[in-house]
Amino acid sequence: MGYALSVFNTCIHDHNVFNYNVIIAGLIDHKLATQAFQYFLEMRLIEFIMPDHFTFPCVIKACLDVVEVKKIHGLLFKFGLELDLYVGSALVNCYLKFGFVEDAEEVFDGMSVRDVVLWNAMINGFSQIGQFDKVLEVFGRMKDQGVVPSRFTITGILPVVGMKEGIDNGRALHGFVLKMGYDSCVAVSNSLIDLYGKCKCVDDAIGIFETMHEKDIFSWNSVICVHEQRGDHYGTLKFFRRMVFAGMQPDLVTVTTTLPACAHLAALRIGSKIHGYIITTGLGKCKDGKGHDLHIDNAIMYMYAKCGSLGVARLVFDKMSYKDTASWNIMITGYGMQGLGNEVLNTLSSMCEAQMKPNDATFVGILSACSHGGLLTQGRMFLDQMHQIYGIVPTIEHYSCVIDMLGRAGQLEEAYKILTTMPVEDNPVIWRAFLAACRLHGNADLAEVAANMIFKLEPLHCGSYVLISNVYGAEGRYEDVSEIRHTMREHNVKKIPGCSWIELKNGVHVFVTGDRTHAEDYHIYAALHHLTSRLRDYKYIA
DNA sequence: GTAGGGTTAG
């Protein structure tokens, strides 16, 4: 661009509209909008050269706010260019970008001819500002007018169809894509991956991905997101690994999708490697060079907190230049998970001192901390305060924490009273928390009440059967145990054994209770016996 | 010889 400018400024002595257009377009391509505007002024006011239908689309694209757009829009009438299609598309695009729907529609309606690009400007513009119903409406009108959708229409419409309309319309559009040969376009295939992912057709999404000849960063990110949104965290990491081995550089989107997967799998080693990658590549840096992207820091904190490395999470937290409610919630929830009740309460006061308002998620963290830390008085107090002082109406999630808290502490009667009188609708989750408490404290009567509720609400959940059967087992009611087993077989419910795993060097080792499948099982159990006998020496009772 | 649309995350 520097050479282009010096040629323009020193070698060309009689500038014309063409040279100016090239310079202005070039400056805008290099994101030098302010300079572009200077040249635009200079051409008109100093050199008296008239801008033309090539100049305006560029200049409109460079506008940073709607005031500038309106000024340019006014100029267009002076030059008689208000009906030019290129100019109109740029205007529609720009007005919608700033949320000025009426102005965009006025330009659109005023055009005497409408080509596919102009329609796309409307479709993609509404999509960008989240007005998805408008997207579908405009798309319908476009088809009624007999305008053939282009690749750009498809990439604009598919995410919205996936979100709002479902797979039947999505498949119809996929058919159209194949008929038109648009599937050779990477962006179109990328939106197909997204469409199938959003409609929960994971195999179709992966199928598209695997058959693509050329994959860009969007393709990889999309297929990774499909896995993460479905809760398949292993799948997320599998495709992340493939992406790295394929030589594709992860970007901001990749890491913000992959870090939560590490968090859920407690994959601290991979998570901290990604953190290192973010630091060395400067991915998390804000555009101004100072500070970090807020969401990236939250994702990093969340990963460390979930992996149990609260100290590191805290380091990241303390260094953040700007924190939002989610940042505070992550710290509070992290302390809560480790039963550090006092840290939770301290963090909550610091949060309020920092003028941050706690939200519903904050109180889920606080109440679950009270549950795990045995802080009954505080827990009850917060349930009242969250409504009275902070104006947040408790939901089923909050009541679940309270039931869990009272249940663990053995206050089953009070838990039952709240459970049956609370002003929100119950669900199987809260009853299961209660059932677990009944099992813990050996109350078979209330356990049966809870179990019957759960079997009505969610008859196919295996964990509930195991809980109630354990209650009966503890009471020696083996006939009831076998009846539960029978019911499970009848409903074809199978309990998948819970497993534990540890990450060692470059491998993950998974094991279940009484597992003897490991090659070194003899030594493992010998070490275990040694540990338990040492614990007995210290008078430890499990 | 110059110009106007697109896809992924939180």
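This one's a predicted model, so the numbers in the text were calculated from it and none came from an experiment. Letters A, B, ... mirror the listed sequences (proteins, then strands); counts begin at 1.
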Under 4.0 angstrom between Lys61(A) side-chain N/O and dA3(B) OP1 or OP2: no
Base of dG5(B) paired with side chain of Asn120(A) (donor-acceptor, under 3.5 Å): yes
Out of dT2(B), dG5(B), dT7(B), whichever nucleotide has its closest atom nearest the side chain of Val22(A): dT2(B)
Geometric class of the Phe382(A)/Phe363(A) ring pair [parallel <30°, tilted 30-60°, perpendicular >60°]: tilted
Residue Pro159(A), side-chain heavy atoms: nucleotide from dG6(B), dT8(B), dT2(B) that is nearest: dT8(B)
Row check, Tyr390(A) ring normal vs Lys357(A) NZ/CZ: under 6.0 Å, within 45°: no
Phe152(A) aromatic ring stacked with six-membered ring of dG5(B), 5.5 Å and 30°: yes
Touch class at under 4.0 angstrom, heavy-atom based, for Glu228(A) against every strand present: nothing
N/O donor-acceptor pair, side chain Thr256(A) with base dG10(B), under 3.5 angstrom: no
Closest to the Pro57(A) side chain, choosing from dA9(B), dG4(B), dG1(B): dG4(B)
Touch class at under 4.0 angstrom, heavy-atom based, for Asn19(A) against every strand present: nothing
Interatomic distance, Leu252(A) CG vs dA9(B) P [rounded to whole Å]: 13 Å
Geometric cation-pi criterion, Arg141(A) with Phe139(A): 6.0 Å, 45°: no
dA9(B) base / Thr257(A) side chain donor-acceptor hit below 3.5 Å: no
Presence of Asn190(A) side-chain N/O under 4.0 Å of dT8(B) phosphate oxygens OP1/OP2: no
Face-to-face stacking of Phe218(A) with dT7(B), centres under 5.5 angstrom, angle under 30°: yes
Of the listed nucleotides dT2(B), dA9(B), dG6(B), the one nearest the side chain of Cys225(A): dA9(B)
Selected nucleotide, minimal atom distance to Asn21(A) side chain, candidates dG4(B), dA9(B), dT2(B): dT2(B)
Candidates dT2(B), dG4(B), dA9(B) - which lies nearest the side chain of Tyr86(A): dG4(B)
From dA3(B), dG5(B), dG10(B), nucleotide with atom closest to Asp293(A) side chain: dG10(B)
Sugar-phosphate only, base, or nothing, as touched by Val87(A) at under 4.0 Å among non-hydrogen atoms: nothing
Between dT8(B) (C1') and Leu158(A) (CG): distance, integer Å: 13 Å
Side-chain N or O of Gln128(A) closer than 4.0 Å to phosphate OP1/OP2 of dG6(B): yes
Interatomic distance, Leu81(A) CG vs dA3(B) P [rounded to whole Å]: 16 Å
Sugar-phosphate, base or nothing in reach of Leu192(A), heavy atoms under 4.0 Å: nothing
Glu102(A) atom CD, neighbour heavy-atom count above 12 within 6.0 Å: no
Parallel, tilted or perpendicular: ring planes of Tyr95(A) versus Phe100(A), cut at 30 and 60 degrees: tilted
Syn/anti state of dG5(B) by chi, 90° boundary around 0: syn
Nucleotide nearest Cys58(A) when distance is taken to its side chain, options dA3(B), dG5(B), dG10(B): dA3(B)
Rounded interatomic separation in angstrom, taking CD1 from Ile224(A) and C1' from dT7(B): 15 Å
Whole-Å gap separating C1' (dG4(B)) and CG (Asp29(A)): 13 Å
Atom CD of Glu106(A) with >12 non-hydrogen neighbours under 6.0 angstrom: no
Touch class at under 4.0 angstrom, heavy-atom based, for Asp251(A) against every strand present: nothing
